[in-house]
Trainee: 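Below you'll find the structure I mean.
So you know, we letter chains A, B, ... as the sequences are listed, proteins then strands, and number each from 1. As a basis for the values below, the full set of heavy atoms in this structure was taken, side chains included, without hydrogen atoms, waters or symmetry mates.
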2 protein chains.
Amino acid sequence: MKTAPKTRDIVNVNTRERILNAAEVLFAEHGFERASLRALTAEAGVNLAAVNYHFGSKAGLIRAVFERRLAPLNAERLNELAALERAARGGPLPPERIIEAFFGPVLRMSMDRRPAARGGSTQRDRGAGSGHRFIRLLGRAHTESRQAMRELLEAEYVEVVERFKAALTRALPQVPEKELAWRMHFTLGAMSYVIAGTDAVQLSASYEVRQSEHPESVMKRIVPFLVAGLTAPLPEAGERGAGANAPANGRRDDRNAERKAA
Amino acid sequence: MKTAPKTRDIVNVNTRERILNAAEVLFAEHGFERASLRALTAEAGVNLAAVNYHFGSKAGLIRAVFERRLAPLNAERLNELAALERAARGGPLPPERIIEAFFGPVLRMSMDRRPAARGGSTQRDRGAGSGHRFIRLLGRAHTESRQAMRELLEAEYVEVVERFKAALTRALPQVPEKELAWRMHFTLGAMSYVIAGTDAVQLSASYEVRQSEHPESVMKRIVPFLVAGLTAPLPEAGERGAGANAPANGRRDDRNAERKAA
DNA sequence: GTATGATTCAAACGCTCGTTTGAAATTCCC
DNA sequence: GGGAATTTCAAACGAGCGTTTGAATCATAC
C-alpha cells in the first residue's frame, strides 16, 4: 500500500517505535479492544505480524505502551516530591504543592506536542504530540476495569502512591488515615476524569468549557478545589459544616476549624 | 442445557426482562464490548436470536438497559431538588443538599439488593440486587468514550444537568460561571470514580478502604469533600488560602491576573 | 378446530479479530 | 563476499462476533 519505508529516513525509525506510537494514537482514540492490530499496523506502516514478533501479543503491546511512558512520568512525580521535601527540611508540605507534584507532570506531559519520539509519524502526521496522546490514553486506562490493566497500573503506581500518601498524611495530620484514603480516592477520581477528557455528561451548555483550555489554567482551577476537599471539615464531627447554610462567600477562613479528631 | 423455562413460573418472566437483567450483569462485569450476546442469552436462558428480535440490535439492547433505569433515577433527582427548592421558598439551597440530591439517588439505588425486577434471575442467582448492578454499569458508562454512549447519556442527563447547574449557580453566587462549570466537572469526576468502583490505582495498602463500606458512610465522606471544593477560594483571588501552611517555595504572586468572566 | 399473529428456536452467514506460518528480504559479522 | 541471525512479508487459520433466516411453536380469537 502506501508503505514507502523502503527508503529509510536518515534517522531510521524502527518498527518497534512506529508500532508504539501508532498504538498510543489508536488506543487513545478507540480503546484497547476496538483498536485492531490491522488498523494499528496500517497506521504505523508496518506488517501485521510485526506486533506479535516484537511484543509477543496484543496484551504485550499494551503493556509496552504503558511502560515506555509511565515509568518516566512516575519518576518525575517522585523527583518533584523529593525536591519539595528537601526544601521543607523535614517539615510538612503544603497540600497544594503535593497535588501539583502529582498532577503537574501529567499536565505538563499533556502539553508535549512535539512530534513523536524520534521523528516517528511518517504516515499522515496527526500533529498531536506524543505526550498529549499518551495522557489521553492514561486517562482511559484509569477507568478501565479489566483485571490485567488494573494490575499493570498498580504495579507502576505502587511506589508513587505510597510516597504521596505518606506526604499527605504528614501534611494533613488532622485527617484520620481512613478518611484521608477516601479523600485521595476522590482526588484521583477528579483527576482521572479531567485527563481522560471523556465527560460523558458534557455539562451540556457549558460544553465548550473544556475545549482548548490550557493545562496551566486547569491546574490553577483544580488545585484549590482538591486542596479544599482534602482539608475539609471532617464528616463525623458536629454539623455538616463546610459552607453549609450561610453559604455564598466561599471564603471560609475558618480553615483550621477542623481541629477535631486526632 | 439448563434451560428449564418450559414450565413458566407463576409470575411469568418475559424474555425481554430476562435479557435486560442479564445484560445489566454482564455489561457491568465485562463491559459492553466484551460481553457477547451468546454469553448474555445463555445467562438469561433465552435464545440467541431473541436479542435482535426484541431490541433490534445489541446497540438497541444497550440503549434499553439504560432507559429502563436512568429515567426513573433522574426523575428522582429532579424530585429531590424540587422538594428542596420548595422548602427553601425561593432562597438559595445549601450546596450540600444539592450534592445529596444528585448523588443520593444513585447511592440509594446502589443499596438496592432485592432480587431483580420481577423474580427474574432464574439461572444461578447472583444475589446482587438489580440496583447495585446497574449502578456499577452506570459508573462504567460515565467513563466510556464511544460516541453513541456519550450521546445516549447526554440525552438522558440534559435536563438534570441544567437544573442542578442552575441550583448551584444560585447557591454559589460568588463562583463565576466558568469556574463553576469546572468545579462541577471535578465533582462529577469524583462521583463517577466512586460509583464505577474501578479504582485502577487501588491506593495500594489502603485498598480495603472501599471494600464493604456502606453507601451512607460514603455519602458522609464525599459530601464535605465536594462542598469544600465547590466553595473553595477562587484561584485568581488572593492567597491559595485553604489549609496551605505558609511556607514552601513555589509561591506564584501573579495572583489576580485573569479578571475574567461575566 | 382452525386461522392468525407473535414468539422461539437451531442453524448458518459473513465478517473481523489475534495469531501463526514459512518463505523472502535484510542486517550483521567475520 | 558469504553464512547466520534478525526482521519483514503475504497469506492463511481458527475462533468468536452480531446478525439473519425460515421453520417450529405458542397464544389468542373466532
Trainee: Is the base of dG18(C) touched by the side chain of Arg38(A) through a donor-acceptor pair closer than 3.5 angstrom?
Mentor: yes
Trainee: From CG of Leu40(A) over to P of dC17(C), roughly how many Å is that when rounded to an integer?
Mentor: 11 Å
Trainee: Among dT6(D), dG18(D), dT19(C), which nucleotide has an atom closest to any side-chain atom of Leu37(B)?
Mentor: dG18(D)
Trainee: Answer with yes or no whether the side chains of Arg16(A) and Asn21(A) bring together a donor and an acceptor at under 3.5 Å.
Mentor: no
Trainee: Measure from CG on Asn52(B) to C1' on dC17(D) and round the result to the nearest Å.
Mentor: 12 Å
Trainee: Are the side chain of Thr41(B) and the backbone N or O of Arg38(B) linked by a donor-acceptor pair below 3.5 Å?
Mentor: yes
Trainee: As a test of understanding, state which of Val218(A), Val106(A), Leu107(A) forms a side-chain contact (heavy atoms from CB on, under 4.5 Å) with Val194(A).
Mentor: Val218(A)
Trainee: Only one of Met191(B), Arg221(B), Arg183(B) clears side-chain contact (heavy atoms from CB on, under 4.5 Å) with Leu226(B); which?
Mentor: Met191(B)
Trainee: Send over the distance from Leu48(A) CG to dT19(C) C1', rounded to a whole Å.
Mentor: 8 Å
Trainee: How close or far is atom P of dA6(C) from atom CZ of Arg16(B), stated in whole angstroms?
Mentor: 15 Å
Trainee: Where each residue is assigned the nucleotide of DNA chain C containing its nearest heavy atom, which of Tyr53(B) and Phe32(A) is assigned the position nearer the 5′ end?
Mentor: Tyr53(B)
Trainee: In whole angstrom, give the distance that lies between atom CD of Glu33(A) and atom C1' of dG18(C).
Mentor: 12 Å
Trainee: Separation of Asn14(B) atom CG from dA27(D) atom C1', in whole Å?
Mentor: 15 Å
Trainee: For residues 45-57 of chain B, which side-chain N or O atoms pair as donor and acceptor with protein atoms under 3.5 Å away, sequence neighbours left out?
Mentor:
{"from": "Asn47(B)", "atom 1": "OD1", "to": "Ala49(B)", "atom 2": "N", "distance (Å)": "2.8"}
{"from": "Ser57(B)", "atom 1": "OG", "to": "Ala59(B)", "atom 2": "N", "distance (Å)": "3.4"}
{"from": "Ser57(B)", "atom 1": "OG", "to": "Gly60(B)", "atom 2": "N", "distance (Å)": "3.2"}

Trainee: Whether Thr15(A) contacts dT7(D) is assessed here as follows: a side-chain N or O lying under 4.0 Å from the phosphate OP1 or OP2. Is that the case?
Mentor: no
Trainee: Can you give me the closest heavy-atom contact between Phe164(A) and Ile98(A), atom names plus distance?
Mentor: CE2-O, 3.4 Å
Trainee: Say you draw a straight line from CZ of Arg69(B) to CG of Leu20(B); how long is it, rounded to the nearest 0.5 Å?
Mentor: 8.5 Å
Trainee: Rounding to a whole Å, what distance do you find between Asn47(B):CG and dC9(C):C1'?
Mentor: 5 Å
Trainee: Taking 4.0 Å as the cut-off, does a side-chain nitrogen or oxygen of Ser36(B) come that near to OP1 or OP2 on dG16(D)?
Mentor: no
Trainee: Which part of the nucleic acid, if any, lies within reach of Ala50(A) when heavy atoms closer than 4.0 Å are counted: base, sugar-phosphate only, or nothing?
Mentor: nothing
Trainee: Do any of residues 57-67 of chain A sit with a heavy atom less than 4.0 Å from DNA chain C, and if so which?
Mentor: Ser57(A), Lys58(A)
Trainee: Both Ala49(A) and Arg34(A) contact DNA chain C. Taking the nearest nucleotide for each, which residue is further toward the 5' end?
Mentor: Arg34(A)
Trainee: Taking the side chain of His54(A) as heavy atoms from C-beta outward, which of dT8(D), dC17(C), dC9(D) is closest to it?
Mentor: dT8(D)
